[in-house]
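To start, the structure itself, in structure tokens.
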2 protein chains.
Amino acid sequence: MTERSGSLAALAEVFREHGFEGTSLTTISKATGLGKGSLYNFFPGGKDEMMAAVLDDIDRWFEEAVFTPLEAADEPGPAIMAMMQAVTAYFQSGGRVCLVGWLGLGSSREAFADRVNGYFARWIATLAHCLQTGRVPAPRARSLAQEAVSGIQGAIVLSRALDDTRLFVRIVEKLESELLAVVARGES
Amino acid sequence: MTERSGSLAALAEVFREHGFEGTSLTTISKATGLGKGSLYNFFPGGKDEMMAAVLDDIDRWFEEAVFTPLEAADEPGPAIMAMMQAVTAYFQSGGRVCLVGWLGLGSSREAFADRVNGYFARWIATLAHCLQTGRVPAPRARSLAQEAVSGIQGAIVLSRALDDTRLFVRIVEKLESELLAVVARGES
DNA sequence: GCTAAGTTGTACCGATCAGTACAAGTAAGG
DNA sequence: CCTTACTTGTACTGATCGGTACAACTTAGC
């Protein structure tokens with residue numbers, strides 16, 4: 001079980017680099033250092049189960065580092081700043097792809113639709129909740145949260161395409177300052 | 001030649017659905033109705049050349065429907081509105097993926113890096129140019145253009161993930177109104 | 001109607017795909 | 001030491017991969 005979870009990081013990285021369809025078992029084997037035997041021993045369900053395990057791991061990380069802090073925060077400003085910092089580090093300033101967002105683009109989407117949907121829905125919900133603690137009305141908070149999450153995804157796509165991590169940082173800072181302005185103003 | 005260009009639409013659609021790595025010649029053959037013989041007759045370079053032809057087609061469309069109007073506009077407001085309308089129709093309110101943005105995520109990126117980079121660079125440049133005609137200073141125009149293009153890409157990712165085309169429309173409208181507000185204000 | 005050029009289907013290539021089978025290896029418990 | 005359970009590498013399967021070869025076919029010019 002420890003070997004399985006130990007390989008999750010490498011597994012995630014290789015999926016992020018090649019996508020689901022583009023990742024072969026040979027690639028996975030090389031990346032994790034595990035032979036096919038071990039791979040199918042730990043993940044009897046094959047590639048699908050490997051991706052599912054990776055998604056579990058991602059969920060766990062975001063739950064702990066992003067979602068829970070957003071929900072638990074009693075003041076929105078610092079929580080928003082912490083979220084943006086965590087996200088920037090996680091996505092390596094746009095150098096690292098959002099696997100969940102990517103999955104949503106492809107035809108493998110159907111297989112993981114619930115996971116993909118849940119990830120973004122929870123992100124938006126917790127961020128909106130955080131904004132509401134700053135006296136932002138619920139509908140507005142929800143819209144702002146959607147725009148922020150959408151904006152982060154766009155920053156990943158664009159900064160990857162232009163190979164410019166500074167662009168990611170700048171856009172995310174802009175998104176942050178917009179949110180901070182709203183909560184600082186007390187209400188909208 | 002007419003058969004080749006006639007198959008480009010189907011080719012583009014199947015690439016959009018499965019990505020580059022996820023699209024097999026069998027899939028392409030079915031989607032276009034052409035056998036392998038015809039496929040390699042029209043595209044001797046194989047899958048790479050097919051994707052290149054699709055990207056050419058996309059470039060052509062955007063050049064005509066988006067970039068040139070942005071550059072030729074003497075008034076930014078209507079040009080921005082026209083761009084957003086064209087883009088919303090093209091991406092089918094987020095139901096359709098941006099193939100170029102997708103390519104930038106994957107490892108097949110390297111093969112098409114210049115195309116991907118050029119596409120977004122030109123989009124940003126023409127939009128920034130358009131904003132400058134509305135007396136927006138060059139650096140600000142560039143930043144706003146980057147944010148708008150990034151925002152559109154994010155809207156595609158998020159609306160696909162949540163399977164909600166209204167979300168795409170709403171976010172794009174928001175982006176539009178922000179740009180319009182800037183140019184209406186005369187200056188920043 | 002003959003030729004030449006372009007088009008198409010089909011059979012095939014070696015490589016690689018995801019996945020299976022299983023024997024050999026390892027380690028822990030008693 | 002022996003068993004039992006887990007782990008691992010290797011060899012293999014049939015299917016499919018991208019790509020090639022080529023013969024059959026259509027079409028157009030003359």
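Lettering follows sequence order; numbering is per chain, from 1. Keep in mind that the numbers below use all heavy atoms, side chains included, and drop hydrogens, waters and symmetry copies.
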- prompt: Counting only distance, no hydrogens or angles, is the base of C/dG19 paired donor-acceptor with the side chain of A/K47 under 3.5 Å?
  reply: no
- prompt: Between the side-chain atoms of A/K36 and the base atoms of C/dG19, is any donor-acceptor pair under 3.5 Å?
  reply: yes
- prompt: So, is B/N41 close to the C/dT7 phosphate, meaning a side-chain N or O under 4.0 Å from OP1 or OP2?
  reply: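 Affirmative; the distance criterion is met.
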Listed partners of A/K47 passing salt bridge (charged side-chain N to carboxylate O under 4.0 Å, His left out), at least two apart: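 Testing A/K47 for salt bridge (charged side-chain N to carboxylate O under 4.0 Å, His left out), a comparison that skips the adjacent residues, returns none.
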query: Are any side-chain N or O atoms of B/R135 and backbone N or O atoms of B/V183, one a donor and one an acceptor, separated by less than 3.5 Å?
result: no
message: Quick check against the 3.5 Å criterion: does A/T32 have a side-chain atom that pairs as donor or acceptor with the backbone of A/I28?
response: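 Yes, because the side chain of A/T32 sits within donor-acceptor range (under 3.5 Å) of the backbone of A/I28.
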From [atom1] of [X] over to [atom2] of [N], roughly how many Å is that when rounded to an integer?
X     : N      : atom1 : atom2 : result
A/L34 : C/dT26 : CG    : P     : 17 Å
B/E49 : D/dG18 : CD    : P     : 16 Å
B/Y40 : C/dC12 : OH    : P     : 19 Å
B/F43 : D/dG18 : CZ    : P     : 15 Å
B/K30 : C/dT8  : NZ    : P     : 19 Å
A/D48 : C/dG19 : CG    : P     : 7 Å

field: Stretch residues 13-26 of chain B: residues that reach within less than 4.0 Å of DNA chain D through a heavy atom
entry: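 Residues of residues 13-26 of chain B that come under 4.0 Å of DNA chain D are, in numerical order, B/T23, B/S24, B/L25, B/T26.
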message: According to side-chain contact (heavy atoms from CB on, under 4.5 Å), who are the partners of A/R60, at least two apart in sequence or on a separate chain?
response: A/D56, A/D57
Test: A/E17 and B/R109 ion pair at under 4.0 Å: no
message: Tell me if the aromatic rings of A/W102 and A/F15 count as close, with their centers under 6.0 Å from one another.
response: no
- prompt: Toward the 5' end of DNA chain D, which comes first, B/G45 or A/G33, by nearest nucleotide?
  reply: A/G33
